[in-house]
Amino acid sequence: MATDWNALTAEEDRAYFMAGIVEISPESFTIEEKQEILRDMVTASAAIENAMRDDFARFDEVTQTRLIDALAGAGPRHRDWWHRMLVAGHRHRDTITI
(Lines give C-alpha, C1' and ligand atoms only; values in the text may rest on other atoms or scores of the structure.)
Protein backbone atom coordinates (compact mmCIF):
# COMPACT_ATOMS: atom_id res chain seq x y z
CA MET A 1 0.00 0.00 0.00
CA ALA A 2 1.43 3.36 -1.04
CA THR A 3 1.89 6.09 1.51
CA ASP A 4 -0.25 9.17 0.90
CA TRP A 5 2.51 11.70 1.54
CA ASN A 6 0.33 14.59 0.36
CA ALA A 7 -2.27 13.85 3.03
CA LEU A 8 0.35 13.37 5.74
CA THR A 9 2.19 16.60 4.97
CA ALA A 10 -1.06 18.54 4.56
CA GLU A 11 -2.17 17.43 8.03
CA GLU A 12 1.19 18.39 9.52
CA ASP A 13 1.11 21.76 7.72
CA ARG A 14 -2.39 22.41 9.07
CA ALA A 15 -1.35 21.57 12.64
CA TYR A 16 1.72 23.81 12.52
CA PHE A 17 -0.29 26.59 10.83
CA MET A 18 -2.74 26.50 13.73
CA ALA A 19 0.17 26.66 16.17
CA GLY A 20 1.40 29.75 14.34
CA ILE A 21 -1.99 31.37 14.79
CA VAL A 22 -1.89 30.55 18.49
CA GLU A 23 1.52 32.18 18.69
CA ILE A 24 0.17 35.35 17.05
CA SER A 25 -3.00 35.54 19.14
CA PRO A 26 -2.81 33.27 22.19
CA GLU A 27 -5.72 34.98 23.92
CA SER A 28 -8.04 33.82 21.14
CA PHE A 29 -7.72 30.17 22.23
CA THR A 30 -8.70 28.31 25.36
CA ILE A 31 -6.15 26.14 27.11
CA GLU A 32 -8.03 23.07 25.85
CA GLU A 33 -7.80 24.30 22.24
CA LYS A 34 -4.08 24.95 22.66
CA GLN A 35 -3.59 21.44 24.06
CA GLU A 36 -5.50 19.94 21.14
CA ILE A 37 -3.36 21.86 18.63
CA LEU A 38 -0.21 20.63 20.36
CA ARG A 39 -1.53 17.03 20.27
CA ASP A 40 -2.30 17.48 16.56
CA MET A 41 1.25 18.67 15.91
CA VAL A 42 2.82 15.70 17.70
CA THR A 43 0.40 13.20 16.11
CA ALA A 44 0.93 14.54 12.58
CA SER A 45 4.72 14.61 12.89
CA ALA A 46 4.81 11.12 14.45
CA ALA A 47 2.64 9.82 11.58
CA ILE A 48 5.16 11.16 9.04
CA GLU A 49 8.08 9.60 10.90
CA ASN A 50 6.26 6.27 11.17
CA ALA A 51 5.47 6.34 7.44
CA MET A 52 9.15 7.06 6.72
CA ARG A 53 10.13 4.00 8.77
CA ASP A 54 7.51 1.85 7.02
CA ASP A 55 8.68 2.92 3.57
CA PHE A 56 12.33 2.46 4.55
CA ALA A 57 11.62 -1.07 5.85
CA ARG A 58 10.39 -2.08 2.38
CA PHE A 59 13.90 -1.63 0.93
CA ASP A 60 16.48 -4.41 0.90
CA GLU A 61 19.50 -4.11 3.21
CA VAL A 62 21.86 -2.80 0.52
CA THR A 63 19.43 -0.05 -0.47
CA GLN A 64 18.84 0.85 3.18
CA THR A 65 22.58 1.18 3.75
CA ARG A 66 23.03 3.35 0.67
CA LEU A 67 20.10 5.55 1.64
CA ILE A 68 21.41 6.07 5.17
CA ASP A 69 24.85 6.92 3.76
CA ALA A 70 23.29 9.39 1.30
CA LEU A 71 21.17 11.05 4.00
CA ALA A 72 24.17 11.37 6.31
CA GLY A 73 26.26 12.86 3.51
CA ALA A 74 23.58 15.37 2.50
CA GLY A 75 22.82 17.07 5.77
CA PRO A 76 23.67 17.94 9.33
CA ARG A 77 22.73 14.55 10.81
CA HIS A 78 25.28 11.79 11.24
CA ARG A 79 24.91 8.24 9.96
CA ASP A 80 24.27 6.91 13.48
CA TRP A 81 21.40 9.35 13.94
CA TRP A 82 19.75 8.21 10.69
CA HIS A 83 20.23 4.57 11.68
CA ARG A 84 18.54 5.19 15.03
CA MET A 85 15.77 7.15 13.31
CA LEU A 86 14.99 4.62 10.57
CA VAL A 87 16.14 1.23 11.87
CA ALA A 88 16.75 1.01 15.62
CA GLY A 89 13.99 0.95 18.17
CA HIS A 90 10.28 0.61 17.61
CA ARG A 91 9.05 1.21 14.09
CA HIS A 92 5.86 2.91 15.26
CA ARG A 93 6.19 5.59 17.89
CA ASP A 94 3.62 7.83 19.56
CA THR A 95 5.92 10.82 19.79
CA ILE A 96 8.25 12.54 17.37
CA THR A 97 11.96 11.80 17.13
CA ILE A 98 13.21 14.73 15.09
Side-chain angles (χ1 to χ4, degrees):
M1 180 160 122
T3 302
D4 187 350
W5 287 102
N6 288 332
L8 287 172
T9 56
E11 184 59 30
E12 186 182 49
D13 288 348
R14 187 201 64 75
Y16 281 81
F17 174 76
M18 289 303 298
I21 293 174
V22 169
E23 196 171 34
I24 292 168
S25 181
E27 68 280 352
S28 299
F29 296 87
T30 65
I31 190 70
E32 292 81 14
E33 290 170 326
K34 292 174 186 176
Q35 289 172 331
E36 182 178 346
I37 290 167
L38 177 59
R39 274 191 302 275
D40 290 347
M41 290 168 60
V42 170
T43 300
S45 294
I48 286 176
E49 288 187 19
N50 289 332
M52 283 179 11
R53 288 184 198 95
D54 287 344
D55 282 358
F56 183 81
R58 290 184 184 104
F59 296 128
D60 61 78
E61 188 175 340
V62 171
T63 304
Q64 287 180 352
T65 301
R66 287 180 180 162
L67 182 56
I68 288 175
D69 290 342
L71 290 167
R77 304 287 188 185
H78 296 285
R79 188 181 193 293
D80 290 340
W81 186 90
W82 281 109
H83 186 269
R84 284 191 314 272
M85 171 70 175
L86 296 170
V87 179
H90 299 288
R91 201 153 111 201
H92 289 271
R93 302 171 189 166
D94 296 329
T95 59
I96 54 178
T97 306
I98 297 178

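All figures in this text were calculated on a predicted structure; none of them were measured in a lab. Computed over heavy atoms, backbone and side chain alike; hydrogens, waters and symmetry mates excluded.
The same ILVMFWY cluster, assembled from side-chain heavy atoms under 4.5 Å apart, contains both Leu67 and Trp81. Grouping the Ile, Leu, Val, Met, Phe, Trp and Tyr side chains by contacts below 4.5 angstrom, directly or via other members, places Phe59 with Ile48.
When all heavy atoms of Thr9 and Asn6 are compared, the closest pair comes out as OG1-O, 3.3 Å. Ala15 approaches Ile37 most closely through the heavy-atom pair O-CG2, 4.0 Å.
Note that CE of Met52 and CZ of Phe56 are 9.5 Å apart. Values are rounded to the nearest 0.5 Å. Between the CD atom in Glu33 and the CG atom in Asp40 there is a gap of 11.5 Å [rounded to 0.5 Å]. Expressed to the nearest 0.5 Å, how far CD of Glu23 lies from OH of Tyr16 amounts to 12.5 Å. Interatomic distance, Leu38 CG to Thr43 OG1, rounded to the nearest 0.5 Å: 9.0 Å. For the atom pair Leu8 CG and Asp13 CG, the distance stands at 11.0 Å (nearest 0.5 Å). Annotation: the span from Met18 atom CE to Met41 atom CE amounts to 11.5 Å, rounded to 0.5 Å.
When side chains are defined from C-beta on, Thr3 does not count as touching Asp54, because their heavy atoms never get closer than 4.5 Å. Under the 4.5 Å side-chain criterion, counting only non-hydrogen atoms from C-beta, Leu86 is in contact with Leu71. Residues Val87 and Trp82 form no side-chain contact, since every pair of their non-hydrogen atoms from C-beta on lies 4.5 Å or further apart.
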request  = Report the C-alpha separation of Glu36 and Arg39 in whole Å, then their side-chain angles, then the decisive distance to 0.1 Å, and conclude whether the salt bridge (charged side-chain N to carboxylate O under 4.0 Å, His left out) test is met.
outcome  = CA-CA 5 Å; Glu36 182 178 346; Arg39 274 191 302 275; 5.3 Å; no
request  = With side chain to side chain contact (heavy atoms under 4.5 Å, CB included) as the test, would you mind laying out the steps for Arg79 and Thr65 before giving the verdict?
outcome  = CA-CA 10 Å; Arg79 188 181 193 293; Thr65 301; 3.5 Å; yes
inquiry  = If you apply the rule salt bridge (charged side-chain N to carboxylate O under 4.0 Å, His left out), what do you find for Asp69 with Arg66, and how did you get there?
reply    = CA-CA 5 Å; Asp69 290 342; Arg66 287 180 180 162; over 6 Å; no
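Judged purely by distance below 3.5 Å, without hydrogens or angles, the side chains of Glu27 and Ser25 pair a donor atom with an acceptor atom.
Judged purely by atom type and a 3.5 angstrom limit, Glu12 has no side-chain atom pairing as donor or acceptor with the backbone of Ala44.
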